[in-house]
Amino acid sequence: MLSYSVHGSLSGSVNAPVSKSDLHRLIIACSLSGSDTEICRCTLSEDIKATARVMEAIGASIHFEENRILVEGIKLQPDTNILCDCSESGSTLRFLVPVLAALGQNATFTGHGRLAKRPMEPLLSELSAHGVEIHTPDNGDTLPLSISGKLVGGDFTFSGDISSQYITGLMFALPLLAQDSRIILTSPLQSKGYVDMTLSVLERFGIKITPIQNGWEIAGKQRYRTPGILTAQGDWSNAAFWLCAGSICQGANIMVNGIDYHHSLQGDKAVCDVLTQMGVNLTIGSEQVEANHAPLHAVTIDGSQIPDIIPILSVVAAVSQGETHIVNAGRLRIKESDRLHAMYECLTQIGADVTELADGLIIRGKSQLSGGTVDSFNDHRIAMSMAVASLVCKEPVIIRDPMCVTKSYPDFYEDFKALGGSVHVVDLG
């Protein structure tokens with residue numbers, strides 16, 4: 001198994017990769033428009049390849065060129081069964097099952113790694129109640145997943161603490177139906193920022209979704225209309241790693257370019273708010289943020305709206321004075337890994353003082369960590385978090401299976417080195 005030894009200190013300027021969340025949404029909307037669209041800026045991660053692959057299987061044509069994507073709208077193949085390989089991308093699976101059901105397209109969805117076991121309920125039950133025939137192994141909610149029939153409109157009811165990806169998938173699908181629909185939430189929505197991103201993309205493509213009490217009303221018989229040329233956003237989820245690195249490295253300052261705090265709908269821009277509360281000196285410009293090291297102190301971090309940046313914020317907490325409580329983070333257990341347990345294991349292995357709870361972590365800060373060998377758990381955000389953690393360790397951190405970062409940030413280690421870090425291949429035997 002490939003392992004990397006990482007260490008050093010970072011400083012300088014780095015460009016944020018393109019938002020994976022934004023690209024997923026743009027590629028799907030462009031494909032549904034039936035016309036040609038150009039997306040300026042792209043980061044070709046494994047998850048984005050998965051969404052493009054499924055849209056091409058349906059009948060879209062997608063061309064990746066240097067720093068842009070050209071999309072030709074789908075030409076349906078209704079009498080065939082489409083094989084949809086989602087690789088390890090939860091967004092691809094959860095967004096596109098409802099979309100293909102709305103198109104009346106028979107399809108079989110497959111996946112790899114932990115995706116095959118990640119839950120799909122209650123989405124599948126709602127689809128089944130609205131005209132979709134679903135077949136899974138042992139009648140469960142795991143892959144492979146086959147669908148047939150055509151989705152019909154109506155009321156789709158969910159608890160707000162389910163994955164926002166279910167809501168996004170339905171928001172893409174329901175405007176295509178002949179009937180009107182509603183999405184109704186029985187409790188406050190978590191990860192609201194991702195749904196806001198979806199609504200923004202849909203509005204750009206002429207799709208109207210009306211907020212109502214506890215949900216949204218979605219008229220049927222709508223058409224996606226391409227704006228022609230689009231520009232993808234910078235990614236706050238991945239920018240967070242560099243901002244946190246600048247926060248914990250003594251004497252460091254790291255500038256992240258291509259991110260817009262004031263206008264972005266991405267929920268993970270909240271990394272700026274959390275770091276500020278912890279004592280970090282941030283300078284926020286129009287399209288960049290600079291993080292400068294300062295004495296850090298513990299806070300309580302609510303993970304309900306920002307699950308993807310909890311791993312890297314846990315690293316910051318590990319070297320912050322006092323006792324940080326991470327709460328409302330139970331959904332991290334059903335991500336690419338059980339991220340609460342993974343961070344407990346990794347941080348403990350390199351000398352941090354961590355207690356694992358059912359839905360969170362308690363982290364008692366130290367001035368420095370020791371270093372050591374950790375597993376990435378085949379989770380991109382765990383691997384990148386531990387690379388950043390190496391910056392506050394006496395000895396290097398050795399990461400097993402480090403290249404899982406290609407899921408969202410293929411150039412992570414190159415950027416790490418460009419900022420002054422050290423990355424070496426090691427043989428653990």
Exercise. Got a sec, which residues hit ring-ring contact (aromatic ring centres under 6.0 Å, His included) with Phe416, two or more places apart in sequence or on another chain?
Worked result: none
Problem set entry | For His24, ring-ring contact (aromatic ring centres under 6.0 Å, His included) partners two or more places apart | none
Please determine whether the number of non-hydrogen atoms from other residues, nucleotides or ligands lying under 6.0 Å from atom [atom1] of [X] exceeds 12.
{"X": "Gln277", "atom1": "CD", "answer": "yes"}
{"X": "His263", "atom1": "NE2", "answer": "no"}
{"X": "Gln179", "atom1": "CD", "answer": "yes"}
{"X": "Lys150", "atom1": "NZ", "answer": "yes"}

Testing the basics here: between [X] and [Y], what is the closest heavy-atom pair and its distance to 0.1 Å?
{"X": "Thr136", "Y": "Leu145", "answer": "CG2-CD1, 3.3 Å"}
{"X": "Val315", "Y": "Ser385", "answer": "CG2-O, 3.6 Å"}
{"X": "Gly246", "Y": "Ile254", "answer": "N-CD1, 3.5 Å"}
{"X": "Arg53", "Y": "Cys86", "answer": "NH2-C, 4.4 Å"}
{"X": "Val271", "Y": "Cys244", "answer": "CG2-SG, 4.1 Å"}
{"X": "Ser314", "Y": "Leu361", "answer": "OG-CD1, 3.8 Å"}

Seminar exercise, completed: The side-chain hydrogen bond (donor to acceptor under 3.5 Å, both in side chains) partner of Arg331 among Ser191, Ser163, Ser164, Ser304 is Ser191
Exercise. Please, which pairs that meet side-chain hydrogen bond (donor to acceptor under 3.5 Å, both in side chains) have at least one residue in residues 37-50, sequence neighbours excluded?
Worked result: Lys20-Asp47, Thr37-Thr226, Glu38-Arg68, Glu46-Lys49, Asp47-Lys407
Any sub-3.5 Å donor-acceptor pair from [X]'s side-chain atoms to [Y]'s backbone N or O?
{"X": "Arg118", "Y": "Ile334", "answer": "yes"}
{"X": "Asp359", "Y": "Ala329", "answer": "no"}
{"X": "His130", "Y": "Asp155", "answer": "yes"}
{"X": "Asp196", "Y": "Leu265", "answer": "no"}
{"X": "Ser390", "Y": "Ala387", "answer": "yes"}

Exercise. Going from CG on Leu185 to CD1 on Ile183, what distance comes out if it is rounded to the nearest 0.5 angstrom?
Worked result: 8.0 Å
For this session: To the nearest 0.5 angstrom, please state how far the CD1 atom of Ile218 sits from the CE atom of Met171.
Result: 5.5 Å
[Y] and [X], any side-chain heavy atoms less than 4.5 Å apart:
{"X": "Ile74", "Y": "Leu32", "result": "yes"}
{"X": "Leu127", "Y": "Leu170", "result": "yes"}
{"X": "Ile399", "Y": "Tyr413", "result": "yes"}
{"X": "Lys208", "Y": "Gln222", "result": "yes"}
{"X": "Tyr4", "Y": "Met403", "result": "yes"}
{"X": "Glu88", "Y": "Asn378", "result": "yes"}
{"X": "Asp273", "Y": "Tyr261", "result": "yes"}
{"X": "Val71", "Y": "Ser33", "result": "no"}

Exercise. Quick one: ring pair (Phe, Tyr, Trp, His ring centres under 6.0 Å) pairs with a partner in residues 157-210, sequence neighbours left out?
Worked result: none
Exercise. Which salt bridge (Lys or Arg N to Asp or Glu O under 4.0 Å) pairs, counting each pair once, include a residue from residues 230-239, with sequence neighbours left out?
Worked result: none
Seminar exercise, completed: So salt bridge (Lys or Arg N to Asp or Glu O under 4.0 Å) across residues 414-425, not counting sequence neighbours, yields Glu414-Lys417
Set of residues satisfying side chain to side chain donor-acceptor pair (under 3.5 Å) with respect to [X], sequence neighbours excluded:
{"X": "Thr231", "value": "none"}
{"X": "Ser11", "value": "Asn253"}
{"X": "Asp401", "value": "none"}

Problem set entry | Any residue meeting side-chain contact (heavy atoms from CB on, under 4.5 Å) with Ala129, in chain and number order, not counting sequence neighbours | none
Exercise. With sequence neighbours left out, what residues match Asp338 under side-chain contact (heavy atoms from CB on, under 4.5 Å)?
Worked result: Arg114, Arg333, Leu340, His341
Please list, one pair per line, the donor and acceptor atoms closer than 3.5 Å that link side chains of residues 102-113 to other protein atoms, with sequence neighbours excluded.
from, atom 1, to, atom 2, distance (Å)
Gln105, NE2, Gln77, O, 3.1
Gln105, NE2, Thr80, O, 2.7
Thr108, OG1, Asn81, ND2, 3.3
Thr108, OG1, Ser146, OG, 3.0
His112, NE2, Asp85, OD1, 3.1

Problem set entry | Side-chain H-bond candidate by donor/acceptor type, Asp161 with Ser187, under 3.5 Å | no
For this session: Assess the side chains of Ser5 and His7: does a donor N or O sit below 3.5 Å from an acceptor N or O?
Result: no
With [X] as reference, evaluate [options] under the side chain to side chain contact (heavy atoms under 4.5 Å, CB included) test and give the passing residue.
{"X": "Arg400", "options": "Leu2, Val374, Thr373", "result": "Thr373"}
{"X": "Ile207", "options": "Val201, Thr198, Leu174, Leu202", "result": "Leu202"}
{"X": "Ile301", "options": "Val316, Ile306, Val327, Ile309", "result": "Ile306"}

